[in-house]
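Note that ligands are numbered from 1 as they come in the structure, with each ligand's atoms numbered from 1 the same way.
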Amino acid sequence: MTSIPTQGASRIAFFGLGKMGLPMASRLVAAGWTVTGFDPFDGAREAFEKAGGRTDGAAARAAEGASVAITMLPDGKAVRTLLAGPDGIAAKLAPGAIVIDMSSSAPVGTRDLAADLAKDGVVLIDAPVSGGVKRAIDGSLAIMVGGDADAVAAAKPLLEAMGTSIFSTGPIGSGHAMKALNNYVSAAGLTAACEALQVGQSFGLDPALMTDILNVSTGRNNSTEVKLKPFVIPKSYTSGFSMALMAKDLRTADDLARHQGVAAPLSRAVASLWTDALADLGPTADHTAIDAYVAKPGKDA
Ligand code: NAD
């Protein structure tokens with residue numbers, strides 16, 4: 001049975017202290033665990049130190065002897081490079097260590113990585129999250145967990161410090177599959193809502209009134225409830241979740257559909273639309289800026 005350290009033991013390494021990783025790792029510190037964080041960006045490590053975390057400027061040293069490593073990186077390729085690349089840190093972890101990949105990674109790649117890490121006695125589980133920066137800060141994330149049941153049970157106390165809705169989804173990779181499919185549904189809802197607002201406004205409808213009506217009608221979705229008024233209607237586009245990461249998730253969902261032999265034509269169309277939007281708006285765009293893209297003349301979105 002795999003076990004994890006109790007609060008106070010300095011055996012947890014956390015990789016990726018970005019918009020999500022910083023508040024998630026900070027919640028572990030607040031819950032009593034001693035966490036060593038690593039991020040190549042100096043400012044991220046400084047912010048984690050301010051939250052009470054320890055840091056190390058070298059990934060390998062942060063990993064040394066840890067019995068749990070948590071990754072919150074841009075994608076599964078970054079996770080593989082960190083763990084199993086030429087300078088992979090998996091070999092530095094304690095024997096029988098658990099790696100919890102909380103990034104939104106591609107599920108088939110996660111399955112392959114788990115098999116590779118198992119050769120070194122390291123157990124990988126996937127535990128991606130939903131809820132965004134706000135829910136990362138208040139510890140109310142939804143977390144979907146795939147992998148070996150003993151390792152998932154052992155990781156649960158850590159996950160409970162970061163989320164309130166924790167689901168076991170099945171074998172390794174199933175959490176990442178669920179996450180990509182969730183984001184496909186979420187992006188489709190956001191795209192539809194933005195298009196509806198643009199068309200309605202051009203016909204003289206008030207976008208705030210439209211949002212109120214959608215939210216008590218059958219067109220309601222997460223984006224109409226929590227994204228239109230704060231980020232889309234004022235055109236601030238500051239949700240904290242980048243368009244690049246959402247486009248990556250949509251390609252992951254589409255790749256999964258192809259891998260499984262499911263036609264999924266809307267998933268394909270949404271992935272393609274968001275890939276084009278990212279190319280047009282650039283890597284710094286927030287995902288809510290899809291609103292600006294669908295409004296551009298000549299787009300057949
Ligand atoms: P982010 O770009 O803010 O953070 C990623 C961090 O990883 C950066 O600070 C980067 O410097 C760091 N990093 C890159 N390579 C590293 C390495 N080898 N070792 C350690 N750190 C490394 O991204 P984010 O918004 O925090 O998203 C992280 C993950 O969470 C992504 O997979 C994303 O799809 C997912 N996610 C994001 C949100 C959101 O609202 N932002 C919500 C749910 C899931």
Which protein non-hydrogen atom lies closest to atom 25 (O) of ligand 1, naming both residue and atom, and how far is it? L245 CD1, 3.6 Å
Against ligand 1, does A59 come closer than 4.0 Å with any heavy atom? no
Check: T224 main-chain N/O paired with N215 side-chain donor or acceptor under 3.5 Å: yes
Closer than 4.0 angstrom: is that true for some heavy atom of M102 and an atom of ligand 1? no
Might you point out which heavy atoms bring K227 and N222 nearest each other, and give the distance in Å? CE-OD1, 3.7 Å
Do R11 side-chain atoms and G65 backbone N/O form a donor-acceptor pair below 3.5 Å? yes
Quick one: look up the protein heavy atom nearest atom 11 (O) of ligand 1 and list residue, atom name and how far away it is. D39 OD1, 2.7 Å
A student checking ligand 1 against V129 at a 4.0 Å heavy-atom cut-off should list atoms 43 (C), 44 (C)
Would you say the side-chain atoms of K77 pair up with the backbone N or O of G109, donor to acceptor, closer than 3.5 Å? no
Closest protein heavy atom (residue, atom, distance) for atom 14 (C) of ligand 1: P74 CD, 3.9 Å
Heavy atom of K179, distance to ligand 1 below 4.0 Å: yes
Quiz question: by atom type and distance under 3.5 Å, do the side chains of D56 and T36 form a donor-acceptor pair? no
F38 neighbourhood, listing ligand 1 atoms whose heavy-atom distance to it stays under 4.0 Å: 19 (N), 20 (C), 21 (N)
State whether K229 and D212 are salt-bridged, where the test is any N-O pair (Lys NZ or Arg NE/NH1/NH2 against Asp/Glu carboxylate O) under 4.0 Å. yes
Taking all non-hydrogen atoms of both residues, which atom of A127 and which atom of I100 are closest, and how far apart? CB-CG2, 3.7 Å
Please list the nearest protein heavy atom to atom 4 (O) of ligand 1 with its residue and the distance rounded to 0.1 Å. G18 CA, 3.3 Å
Of M20, R135, M72, the one whose closest heavy atom lies nearest atom 30 (O) of ligand 1 is M72
Of all protein heavy atoms, the one nearest atom 18 (N) of ligand 1 is L82 CD1, 4.0 Å
Can G240 be said to touch ligand 1, with heavy atoms closer than 4.0 Å? yes
S103 neighbourhood, listing ligand 1 atoms whose heavy-atom distance to it stays under 4.0 Å: 32 (O)
Would you confirm whether D120, through its side chain, and A91, through its main-chain N or O, come within 3.5 Å as a donor-acceptor pair? no
salt_bridge(D254, R251) N-O dist < 4.0 Å: no
Tell me, do M246 and S186 make a side-chain contact under 4.5 Å, heavy atoms counted? yes
Check whether any side-chain N or O of D39 sits under 3.5 Å from a backbone N or O of F41 as a donor-acceptor pair, and report yes or no. yes
Winner among S186, G132, S104 once heavy atoms are compared against atom 35 (C) of ligand 1: S104
Suppose I only count heavy atoms of F241 and a 4.0 Å limit; which atoms of ligand 1 are within that range? 34 (O), 37 (C), 38 (C), 39 (C), 40 (O), 41 (N)
Atom 1 (P) of ligand 1: the protein heavy-atom neighbour that sits closest, reported with distance to 0.1 Å: K19 N, 4.0 Å
Backbone N or O of G173 within a donor-acceptor pair of the D126 side chain at under 3.5 Å? yes
Among all protein non-hydrogen atoms, which one is nearest to atom 28 (C) of ligand 1, and what is the separation to 0.1 Å? L73 O, 3.8 Å
Mind checking whether A78 has a heavy atom under 4.0 Å from ligand 1? no
I need the nearest protein heavy-atom contact for atom 34 (O) of ligand 1: residue, atom name and distance, please. K248 NZ, 3.0 Å
